[in-house]
*Asks:* 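Here's a structure for you.
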Amino acid sequence: MIAVREAWKAGLLNLQNWPRNLLAGVIVGVVALPLAMAFAIASGVKPEQGLYTAIVAGVVVSLCGGSRVQIAGPTGAFIVILAGITARYGVDGLQLATLMAGAILLLLGITRLGSVIKYIPDPVIVGFTAGIGVIIWVGQWKDFFGLPAVTGEHFHQKLWHLLEALPQLHPATTLLALLGLAAVLYGPRLPYLARVPGPLLAMVLVSLLQALFQFDGVATIGSAFGGIPRGLPTPSLPEVTLPRILELIGPAFAIAMLGAIESLLSAVVADGMAGTRHDSNQELVGQGIANLLAPLFGGFAATGAIARTATNIRNGGNSPIAGVAHAATLVLIILFLAPLASSIPLCALAAILFVVAWNMSEARHFVRMVRRAPRADVAILLITFGLTVFSDLVIAVNIGVILAMLLFMRRMASSVEVQQLGGAELEGELRGQGVPTLPPGVLVYTIEGPLFFGAAETFERALAKTHSDPRLLVIRLGRVPFMDITGMQTLEEVIQQLRKRGVTVKLCEANPRVRHKLVRAGIVEAVGRKNYHASFVLALAACEGAVEEVGTA
């Protein structure tokens with residue numbers, strides 16, 4: 001409970017801090033109400049399950065996470081994955097996959113892999129979040145326009161069928177949805193409504209109009225789901241069998257990876273806004289516990305919610321009290337106001353998700369990256385985006401990360417330089433030894449950069465340019481930060497080839513880490529311990545002695 005401990009040390013749990021955190025929690029709870037229901041419906045489950053998820057995750061992450069201002073719950077990033085799991089495996093399968101994802105997140109946190117998640121490149125993150133935004137936006141057309149249900153296994157099929165169905169839009173549903181969309185976007189800009197969250201304003205306004213005029217054909221939570229039950233669910237465990245677990249390993253990993261990325265991104269945003277510093281590994285532990293518990297109470301996958309976390313900070317929340325208060329607000333709403341939810345039109349929630357999709361797409365950032373980023377990064381961005389929309393999110397992220405890794409290795413390999421040093425370049429070091437020039441028959445090469453598998457060919461190619469064989473070849477390793485097995489094997493092969501040609505190789509200046517690897521790999525033995533030197537000065541002195549011995553002989 002690092003977040004609670006840090007808040008205690010900072011004096012944020014004192015009574016004078018409670019009012020501001022309670023107020024922030026209530027505001028966030030009100031904001032979370034329409035979002036939780038909208039995300040649940042879009043994920044293929046009942047609206048109350050989104051509320052249960054927000055309640056359980058909100059409490060657990062606030063108390064057990066690594067950020068004292070993080071607000072957790074269902075988020076838009078999960079919609080695409082969760083809707084697919086629900087359609088294929090049912091709600092029970094979704095809850096089991098969430099349990100498994102919670103265990104994976106807990107394991108990632110315990111093994112301290114939280115910092116590794118942060119190294120996913122920006123083009124991959126922007127590409128798949130923009131793709132998710134497009135899928136959410138198109139997926140809400142049915143409820144926004146009151147269209148008939150469409151079928152289609154792939155995105156392009158659903159899109160085409162929705163376009164064909166657009167002439168059948170329901171006028172009243174569409175007008176209510178447009179009014180809700182305007183309320184989300186422009187309502188908070190009005191003087192008397194500045195403090196009212198846009199999603200809440202849209203939901204209340206559209207619900208009141210539907211309750212007053214009873215437009216025919218407008219789908220509501222009551223007509224679609226039978227309303228929201230008053231009260232909290234009793235804990236229950238989804239069916240757990242070995243075949244079911246094996247079947248859901250892939251979806252569980254997808255939930256875990258996306259949840260880890262989303263929660264840590266939210267924690268980073270929170271740090272920038274609140275001046276805090278989160279613990280990545282503890283955050284994953286908190287998210288893991290939340291996803292283990294949420295399915296037991298009827299919920300599903302949850303993660304850190306950037307928008308709700310930002311709302312918490314803007315309204316004065318600075319301790320875990322706000323997160324707990326947000327969950328308590330949702331509990332009170334379910335206990336006392338649940339019957340009113342039956343009249344909420346689905347088009348109002350679709351309008352809210354339209355705005356969520358736009359915010360997720362980061363369209364301006366996407367366009368700016370396409371215009372300004374290097375072409376290779378733009379290619380990764382567009383490939384990840386295209387695969388997310390037209391194929392699968394998991395495939396998109398995996399391929400995006402693999403391409404980014406290959407691009408990074410190519411750039412690292414191209415940054416490695418292997419060059420021959422002449423007497424003029426070594427003038428200062430030679431003068432210090434009282435030597436005017438390099439001894440005859442001695443060549444010096446220096447390697448700058450990591451000698452790994454991507455750079456092995458560069459090293460081999462550079463040494464191959466030495467057409468006239470010297471008697472002694474000195475390889476300086478002082479600027480090699482690390483070396484992998486491929487680099488060491490290439491070095492050993494070069495040494496053996498040069499030895500067959502009668503060239504003696506000397507190695508020098510390796511840092512302790514690289515030297516340990518050279519000894520362990522047997523390369524120091526292969527070159528001969530008398531031919532390994534801690535410094536270039538010692539290697540140069542040994543070269544002079546070797547040249548003199550050859551001359552005397």
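All residue numbers refer to positions in the sequence shown, counting from 1.
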*Asks:* Any side-chain donor-acceptor pair under 3.5 Å between Gln70 and Thr309?
*Replies:* yes

*Asks:* Are Thr129 and Phe366 side-chain neighbours, meaning at least one heavy-atom pair lies under 4.5 Å?
*Replies:* no

*Asks:* Work out which heavy atom in Gly180 is nearest to a heavy atom in Ala351; give both atom names and the distance.
*Replies:* C-CB, 4.0 Å

*Asks:* I want to check something: taking the side chain as every heavy atom from C-beta on, are Pro47 and Ile41 in contact at a cut-off of under 4.5 Å?
*Replies:*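 When only atoms from C-beta onward are counted, Ile41 and Pro47 do touch, with a gap below 4.5 Å.
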
*Asks:* Indicate yes or no for a side-chain donor-acceptor contact from Asp279 to the backbone of Asn281 under 3.5 Å, with no hydrogens or angles considered.
*Replies:*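 Answer holds: yes.
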
*Asks:* Which pairs of donor and acceptor atoms, one on a side chain in residues 205-221, lie under 3.5 Å apart (sequence neighbours left out)?
*Replies:*
residue	atom	partner	partner atom	Å
Ser207	OG	Met203	O	2.6
Gln210	NE2	Phe215	O	3.3
Gln214	NE2	Ala211	O	3.1
Thr220	OG1	Gly222	N	3.4
Thr220	OG1	Ser223	N	3.1
Thr220	OG1	Ser223	OG	3.4
Thr220	OG1	Ser342	O	3.3

*Asks:* Could you check whether Asp377 pairs with Arg371 (Lys NZ or Arg NE/NH1/NH2 to Asp/Glu carboxylate O, under 4.0 Å)?
*Replies:*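 Not counted as a salt bridge, because no side-chain N and carboxylate O are separated by less than 4.0 Å.
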
*Asks:* Counting distance only, does the side-chain N/O of Asp271 pair as donor-acceptor with the main-chain N or O of His278 below 3.5 Å?
*Replies:*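 Indeed, once roles are kept as given, a pair shorter than 3.5 Å links the two residues.
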
*Asks:* For the residue pair Gly50 and Pro74, what are the closest heavy atoms and their distance?
*Replies:*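 So the two residues come closest at O-CG, 3.7 Å.
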
*Asks:* Could you tell me which non-hydrogen atom of Leu296 sits nearest to which non-hydrogen atom of Pro238, and how far apart they are?
*Replies:* CD2-CD, 4.5 Å

*Asks:* Could you tell me whether the side chain of Thr86 and the main chain of Leu82 form a donor-acceptor pair under 3.5 Å?
*Replies:* yes

*Asks:* Are Phe78 and Phe39 close enough that their ring centres sit under 6.0 Å apart?
*Replies:* no

*Asks:* Kindly state whether the ring of Tyr52 and the ring of Phe297 have centres lying under 6.0 angstrom apart.
*Replies:* no

*Asks:* Any idea which heavy atoms bring Ala32 and Leu330 closest together, and the distance?
*Replies:* CB-CD1, 4.4 Å

*Asks:* Please confirm whether the backbone N or O of Asn318 pairs with a side-chain atom of Arg68, one donor and one acceptor, at under 3.5 Å?
*Replies:* yes

*Asks:* What is the minimum heavy-atom distance between Ala57 and Ala302, and which atoms define it?
*Replies:*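 For Ala57 versus Ala302, the nearest heavy atoms are CB-CB, 3.5 Å.
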
*Asks:* How long is the gap from NE2 on His170 to CZ on Phe145, to the nearest 0.5 Å?
*Replies:*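 Going from NE2 on His170 over to CZ on Phe145, the span is 14.0 Å.
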
